[in-house]
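Below you'll find the structure, written out as structure tokens, and then a few comments.
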Amino acid sequence: SLQQYQEGRSADVSATVRGLQSIFQEQEMTENVHDSEGHGYLATFVGKNGRFAILRMHSHGLVTFDLQCLEGDDVAQVDNLLNALEKKLKALLDGNIQRIKRLPALMRGSDVDRYWPTADGRLMEYDIDEAVYEKDSAYQNIKILHSRQFGNMLILNGDVNLAESDLPYTQAIMGSGKEHYAGKEVLILGGGDGGILHEAVKLKPKMITMVEISFYLVIDGCRKHMRKTCGNVLDNLKGDCYEILVQDCVPVLKKFAEQGRTFDYVINDLTAVPISTAPEEDSTWEFLRLILDLSIRVLRPGGKYFTQGNCVNLTDALSEYEKLLCRLSCKVDFSKEMVCVPSYMELYPF
């Protein structure tokens, strides 16, 4: 893909098009001009080798060229075509180009999807080379893909959840090493990848209760394919200082509250802060309110509640969450910390 920006609006489009035609003729690409309804020049080009190109010259000066090729196409020939176009455009528009940018190719329709969006709508390309695991539960689509850089990555409903490289995430949602878990009672909500449980067990707590409803798919996939994250804690539902309850956390929290059972730490790894800033339109906000209220009820005086936020660029959504904290059934103090999570490739608040 080539993009060029010309100065002014009076560029001779016809002369530029004529100057480029020889290049397409050499590539045996047939031109088809489309009616752009007064918005510059628009043409498509089809080659015998399956190549398909779109050339657009906007009336405000932007020139774009997009080329689609099939797998197995001659990469050297494609580079030669793009180089020739770039060189010719520079000659034809000499002195009128503000900047030129060639973008890397997008790989569509491959066996393994390499592109995953961030919460704020940016597209990330990962060095994924293998689909390790995929299942559908009643709650979510579960994938574990292998990245050469980040190791195996857990992806839930199209969102990058955690990779084997992401110990900073686990450390941050546990207090970044500033807490003393020894001899304490800990409640983990979610955390099916096993990362929090694995790290918490090392700190010699009195007891960890983990509540995760999707055990047989998320946990099963992670205990087989993300051992660097979870170690062996997912091999059994009970250990010396932990128990995994394969249940919905809401009725469990309500039961604990009725029984008067309390915890020194509650770690909520269920869901991120919603992207939407309209709580009345997104049921996830209501779910967050419910989990927060129930968690406060089972938290001991002086206890601490840890959770994740969302992409640091979602300032409005994060602000809405802070307002939610101020409307809880009791007054709470809160703080936040920004951490760079490797596989997210962005700053993330906790």
Side-chain angles (χ1 to χ4, degrees), residues 162 166-213 215 218-219 222-223 226 228-272 288-309 321 325 328-339 341 348-350:
L162 195 79
D166 294 345
L167 182 59
Y169 175 102
T170 304
Q171 292 172 332
I173 205 171
M174 293 178 62
S176 297
K178 302 170 187 175
E179 303 300 319
H180 301 285
Y181 285 87
K184 301 295 178 63
E185 294 260 8
V186 182
L187 175 63
I188 301 173
L189 305 177
D193 52 74
I196 298 171
L197 181 60
H198 179 53
E199 295 303 316
V201 164
K202 300 176 185 177
L203 303 178
K204 303 186 184 305
K206 179 180 179 181
M207 186 63 186
I208 304 170
T209 303
M210 174 173 151
V211 187
E212 171 61 72
I213 194 171
F215 175 82
V218 174
I219 293 183
C222 290
R223 68 180 174 185
M226 295 188 67
K228 291 180 182 179
T229 296
C230 66
N232 63 1
V233 295
L234 300 181
D235 292 347
N236 300 287
L237 292 178
K238 288 186 178 183
D240 293 339
C241 64
Y242 71 88
E243 179 180 14
I244 301 173
L245 303 179
V246 187
Q247 299 177 41
D248 185 341
C249 69
V250 172
V252 171
L253 283 169
K254 289 180 178 179
K255 183 179 71 172
F256 287 167
E258 291 169 359
Q259 295 173 342
R261 185 174 177 185
T262 57
F263 300 85
D264 299 289
Y265 293 97
V266 176
I267 302 174
N268 177 5
D269 195 33
L270 291 167
T271 183
L288 280 180
R289 284 195 201 95
L290 178 61
I291 295 300
L292 272 167
D293 283 330
L294 290 172
S295 296
I296 294 298
R297 290 172 62 187
V298 301
L299 199 60
R300 288 175 183 161
K304 293 187 178 181
Y305 174 90
F306 291 115
T307 192
Q308 57 178 305
Y321 184 73
L325 294 176
L328 292 175
S329 56
C330 65
K331 186 180 183 301
V332 298
D333 295 322
F334 65 88
S335 61
K336 57 187 175 183
E337 177 185 14
M338 299 298 175
V339 174
V341 181
Y348 215 75
F350 293 85

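Position 1 is the first residue of the sequence, and the numbers go up from there. The structure presented is a predicted model; accordingly, all values stated were derived computationally and were not measured. The analysis underlying the following values was restricted to heavy atoms, covering all of them including side chains, and did not include hydrogens, waters or symmetry mates.
- The salt bridge (charged side-chain N to carboxylate O under 4.0 Å, His left out) check on Lys336 picks up Glu322, with sequence neighbours excluded.
- Listed by chain and number, the residues in a side-chain contact (heavy atoms from CB on, under 4.5 Å) with Gln259 are Lys255, Phe256 (sequence neighbours excluded).
- Under the salt bridge (Lys or Arg N to Asp or Glu O under 4.0 Å) criterion, the residue pairs touching residues 170-179 are Glu179-Lys304, with sequence neighbours excluded.
- Every residue two or more places apart in sequence or in another chain was checked for a side chain to side chain donor-acceptor pair (under 3.5 Å) with Asp293, and none qualifies.
- Sequence neighbours left out, the pairs with a member in residues 294-303 that pass side-chain hydrogen bond (donor to acceptor under 3.5 Å, both in side chains) are Thr262-Arg300, Asp264-Arg300.
- With rounding to the nearest 0.5 Å, the separation of CD1 in Ile291 from CG in Leu270 is 5.5 Å.
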With side chain to side chain contact (heavy atoms under 4.5 Å, CB included) as the criterion, how do Val332 and Cys330 come out once you've worked through the C-alpha distance, each side chain's angles and the decisive distance to 0.1 Å?
CA-CA 6 Å; Val332 298; Cys330 65; 4.2 Å; yes
Carefully, step by step, assess Leu234 and Ile244 under the rule side chain to side chain contact (heavy atoms under 4.5 Å, CB included).
CA-CA 9 Å; Leu234 300 181; Ile244 301 173; 4.0 Å; yes
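- In this structure the side chain of Glu212 never reaches within 4.5 angstrom of the side chain of Leu197, judged on heavy atoms.
- Taking CG of Leu288 as the reference point, atom OG1 of Thr307 lies at 7.5 Å (rounded to 0.5 Å).
- With ring centers used as reference points, Tyr265 lies 6.0 Å or more from Phe263.
- Scanning both residues, Leu162 and Thr229, for their nearest heavy atoms gives CD2-CG2, 3.8 Å.
- Shown here are the side chain to side chain donor-acceptor pair (under 3.5 Å) partners of Tyr305, two or more places apart in sequence or in another chain: Asn268.
- Within the structure, the side-chain hydrogen bond (donor to acceptor under 3.5 Å, both in side chains) test picks out the following pairs touching residues 181-199 (sequence neighbours left out): Glu199-Lys202.
- Annotation: side-chain hydrogen bond (donor to acceptor under 3.5 Å, both in side chains) contacts involving residues 244-254, sequence neighbours excluded, are absent.
- Taken from CG in Asp269 to CD1 in Ile188, the straight-line distance is 8.5 Å, to the nearest 0.5 Å.
- For the residue pair Ile208 and Ala200, the shortest heavy atom distance occurs at CD1-CB, 3.6 Å.
- Nearest heavy atoms, Ala172 versus Phe350: CB-CD1, 3.5 Å.
- Minimum interatomic distance between Ala257 and Val298 (heavy atoms only, all atoms of both residues): N-CG1, 3.8 Å.
- Between the CZ atom in Phe306 and the CD1 atom in Ile267 there is a gap of 7.0 Å [rounded to 0.5 Å].
- Among residues two or more places apart in sequence or in another chain, the side chain to side chain donor-acceptor pair (under 3.5 Å) test is passed with Asp240 by none.
- The side chain to side chain donor-acceptor pair (under 3.5 Å) test applied to Thr209 returns Arg261, not counting sequence neighbours.
- Nearest heavy atoms, Gln308 versus Ala272: OE1-CB, 3.6 Å.
- Between Val211 and Cys249, the shortest heavy-atom distance links the atoms CG1-CA, 3.6 Å.
- Atom CG of Leu189 is separated from atom CG of Leu245 by 10.5 Å, given to the nearest 0.5 angstrom.
- Applying the side-chain contact (heavy atoms from CB on, under 4.5 Å) test to Leu290 and every residue at least two apart in sequence or in another chain returns Val250, Leu294.
- Expressed to the nearest 0.5 Å, how far CG of Asn232 lies from CZ of Arg223 amounts to 12.0 Å.
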